[in-house]
Amino acid sequence: MSSDIVIRAENLGKRYRLFSKEEYVPGLRKALGRVARSPIDLYRQIRSLTHFEGQEEKGVFWALRDVGFEVRRGEVVGIIGNNGAGKSTLLKILSRITAPTTGRAEIFGRVSSLLEVGTGFHPDLTGRENIYMNGTLHGMSKREIDRKLDAIVDFSGVEKFIDMPIKRYSSGMGVRLGFAVAAHLDAEVLIVDEVMAVGDLAFQKKCLQTLSMASETGRTVLLVSHNIRALTGLAKRSILLEGGGLAMDGETPAVVARYLQQDETQLETGTIDVRGATRRKSFRRSIEFLEIRLADDANKPTHDVYEGEPFRVTLTFEVKKAASIFEIVLYVENFGSHLFAVSTGLRSGNLEPGLYQASVRIAPNYLNPGSYAFSCMARTARTEDALYDVFPFEVVSNPAKEASNRAIGEDYGLLTFPHAWEGDFLQHLPD
Amino acid sequence: MERILIEAINPWKPFAFRELFRYRDMFYFRVLNSYRAEHRQMVLSYLWIVIDPALKILFFSMVFGSIAKVQTGALPYVVFNASAVVLWQYLGACLNASVTSLSNDTVLVQKVYFPRIFVPVIPCIVQLPNFAVNLLLVLVLLACRGYPPTLELFWVIPLAVLSVLWAAGIGLLLSTYVVQFRDLRKIWVTAMQFMIYLAPVAYPLQAIPAAWRPLYLLNPSATLIEAFRCALLGRPLPLASLGLSAAVCLGMLYLGAVAFRRREPTIVDTI
């Protein structure tokens, strides 16, 4: 039956204006520069936010292009993609925060979007007052909230503080209250963005339960998350966005596999050419990464790292303008969150134009088996080049070593630290 | 089942009544809670409602009444001035808050959908209780000075409604532009300091040359103030210019709503 379709999106596209960023000049000179710039220029610039001319005008960026899909009642659909792939733009369009430039979408039923928990909370108002304000903001009626108030307060776990201004709440309490309201919305369609990234572990679990319960009661959920593990558990189907376009739409495991798929050349040579990688900032750089290479301790190129074995990362970059101070940083990421970073620190020295290589050996290696990615950043006093999630790699368990002291299939986190169980290891305590 | 269509809207029908009705409780709580929040953590809390207009009346009476000796006919200057300051206090506050409302709420607008057309209207309602309190106190003042209320006082209600329409209309028209061009905020706040002199608050209408008066009264702020003073002092109201002003107010509300709806779908992109 066609009435089973809850969301239908056709050719959705969204155009944004990009301003080329001005070269950063600290202090007074910048301020004077702004004054000296003609008001007419500034007027044109600000006006161009809403006025577009040609189809392929300079400085125009399509955050979303020709995206179309259908979602049926009760489906939980994950949306996956790198930073800047258009995930947030898609959610913003579907939740009617901004209108699409092209295409249209139809949604059957009430929509609640939780792009951020606790939006519209007023710090000076009490928890109770904010529940009413936030609930009605998301389209609930007063009567509905009257009926659910106890349940909401109960869910949030902040009963004791419910008549206190929320500016006195800890940030965790505020978030919990926000999610409690959200969890009690009776919308047919839920649009959720990264909500699970907040709160303590117990609360995150509660959030996940709420979402899976929502789908069991026939509600439709659209979910963006960097937490692939949580996503795989919740969503049967996923949509992969790449550069604003729909790259794949299918069963979550297949889509996740495609998302994590590694470049062929990387598999062979342990090297990724990053000259064409998408960069968040598009102004002219005077320092630029060219290549990233991963190798084992014997300097043999590789695409995965054995658990506990040291590894080396070599960054090749080009300096286009002489710089007197610089910093190189390598980050290790796990689905969007920085695990740790190693930095050269801010160094002074004459960096003449030319090609450079920086190698770092990471030892000991505390990473547990799993999927990770490198990000890197290079900066001088004037510019920086930053690449996010640019080099995916795996940490695999080491067959050479005896089976580690872990049960298979259990989640022991991302890192292992050197440790020792003390004394006789187990002590029987007298009653 | 409700069906939501995400595509171009028709700005010439700016009021989506069914949706506005569905969000009525949101409107109510935003009004109630902005009112509550406005007076939290203040030593003098609700006294501030009265302090500001009282100081205005004092200032005008000293500068224009005692020093410049503005002629107000048979009326004592305080009576003349106080009967207008009440409405100006309200109208000015509405115009100020309504025009800047959307740019004060950008965080909200970026994160959740609700009928944004409410945003510039809410401040105009929030100010109403303050207006009522001030009105009551001025009525007492006028009665003490020998001007007890008459039947004409009932005109205050339609005048207040027209004031809401007028301020909301201007707010709808300008607020989306204030978000994009932040200069407008500075310009508006400065302009509001002088706007009071475009209405007969400090001086009588008769001070305007007769030839210019029709033009002067085209500004609903001026007509509403003049009519309001008549209502408080029990004089006949200038019904002709009031009718014209009502038309201007309604026209502005529609025009403002159309302009707002035209820019609403992508206003987030300009923040």
Side-chain angles (χ1 to χ4, degrees), chain A residues 3 6-7 9-10 12 14-17 39 42-43 46-47 49-50 92-101 103-116 118-120 122-126 129-130 132-145 165 167 188-189 193, chain B residues 1-9 11 16 19 21-42 104-116 118-119 122 176-184 261-271:
Chain A
S3 72
V6 177
I7 303 174
E10 290 163 17
L12 285 181
K14 181 71 183 178
R15 178 174 53 182
Y16 281 113
R17 173 78 56 181
L42 286 171
Y43 169 73
I46 300 173
R47 184 176 179 272
L49 282 169
T50 43
K92 274 188 179 172
I93 289 174
L94 291 178
S95 48
R96 288 194 291 171
I97 284 165
T98 187
T101 314
R104 63 201 282 268
E106 251 178 311
I107 300 178
F108 296 91
R110 260 169 72 174
V111 178
S112 281
S113 61
L114 309 170
L115 301 197
E116 197 182 85
T119 320
H122 196 298
D124 278 317
L125 298 173
T126 67
E129 287 164 344
N130 269 306
Y132 278 97
M133 196 135 108
N134 199 247
T136 52
L137 186 66
H138 281 104
M140 275 205 261
S141 69
K142 179 180 180 293
R143 203 184 300 165
E144 240 178 302
I145 302 174
K167 62 183 170 186
E188 281 94 5
V189 181
D193 190 359
Chain B
M1 175 164 299
E2 195 175 340
R3 175 166 169 270
I4 298 166
L5 203 57
I6 297 167
E7 59 174 10
I9 52 166
E19 188 182 54
F21 182 73
R22 188 157 94 64
Y23 276 90
R24 66 194 182 280
D25 286 343
M26 175 232 148
F27 185 80
Y28 168 73
F29 276 105
R30 282 201 80 73
V31 168
L32 181 72
N33 287 333
S34 0
Y35 193 75
R36 281 177 181 157
E38 213 176 281
H39 300 282
R40 286 276 153 95
Q41 209 169 12
M42 284 191 192
N104 292 335
D105 264 345
T106 50
V107 178
L108 203 61
V109 168
Q110 280 173 296
K111 294 293 178 190
V112 55
Y113 174 81
F114 58 96
R116 280 83 192 270
F118 279 152
V119 174
I122 286 168
T176 56
Y177 292 94
V178 173
V179 172
Q180 185 170 4
F181 299 96
R182 306 208 176 147
D183 307 62
L184 284 174
R261 288 290 272 180
R262 237 169 55 90
R263 293 174 55 81
E264 181 190 333
T266 53
I267 192 65
V268 175
D269 307 343
T270 68
I271 289 170

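Small disclaimer: the values here were computed from a predicted structure and weren't measured.
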Engineer: Using every non-hydrogen atom in the two residues, find where B:Asp25 and A:Met140 come nearest and quote the distance to one decimal.
Structural biologist: CB-O, 4.4 Å
Engineer: At their closest point, which heavy atom of A:Gly139 faces which heavy atom of B:Arg22, and how far apart are they?
Structural biologist: O-NH1, 3.4 Å
Engineer: Please round to the nearest 0.5 Å and tell me the distance separating atom CG of B:Asp269 and atom CZ of A:Arg15.
Structural biologist: 10.5 Å
Engineer: For atom CZ of B:Arg262, is the number of surrounding heavy atoms from other residues, nucleotides or ligands below 6.0 Å larger than 12?
Structural biologist: no
Engineer: Heavy-atom pairs under 4.5 Å with chain A: which of B:Arg263, B:Gln180, B:Gln110, B:Glu264 has the most?
Structural biologist: B:Gln180
Engineer: Please look at A:Ile93 and chain B and tell me whether the side chain, the backbone, both or neither of the residue comes under 4.5 angstrom of a heavy atom of that chain.
Structural biologist: both
Engineer: Which atoms of A:Thr98 come close to chain B, meaning under 4.5 Å heavy atom to heavy atom: side chain ones, backbone ones, both, or neither?
Structural biologist: both
Engineer: Between B:Val268, B:Val112, B:Thr270, who has the most heavy-atom pairs with chain A when the cutoff is under 4.5 Å?
Structural biologist: B:Val112
Engineer: Side chain, backbone, both or neither: which part of B:Glu38 has a heavy atom under 4.5 Å from chain A?
Structural biologist: neither
Engineer: Ignoring hydrogens, what is the shortest heavy-atom contact between B:Phe29 and A:Thr136? Give both atom names and the distance.
Structural biologist: CD1-CG2, 3.6 Å
Engineer: Pick from A:Ile107, A:Asn130, A:Leu94: which one has the most heavy-atom pairs with chain B under 4.5 Å?
Structural biologist: A:Ile107
Engineer: What's the spacing between A:Ile97 CD1 and B:Phe114 CZ if we round to 0.5 Å?
Structural biologist: 9.5 Å
Engineer: So which of A:Ala105, A:Ser95, A:Ala99 has the biggest tally of heavy-atom pairs under 4.5 Å with chain B?
Structural biologist: A:Ala105
Engineer: What pairs with A:Arg104 under salt bridge (charged side-chain N to carboxylate O under 4.0 Å, His left out), at least two apart in sequence or on another chain?
Structural biologist: A:Glu10, B:Glu7
Engineer: Among A:His122, A:Lys142, A:Arg143, which has the most heavy-atom pairs under 4.5 Å with chain B?
Structural biologist: A:Lys142
Engineer: I'd like to verify something: which residue of B:Arg182, B:Arg36, B:Arg24 has the highest number of heavy-atom pairs under 4.5 Å with chain A?
Structural biologist: B:Arg36
Engineer: Roughly how far, to the nearest 0.5 Å, is CG of A:Asp124 from CG of B:Asn33?
Structural biologist: 11.0 Å
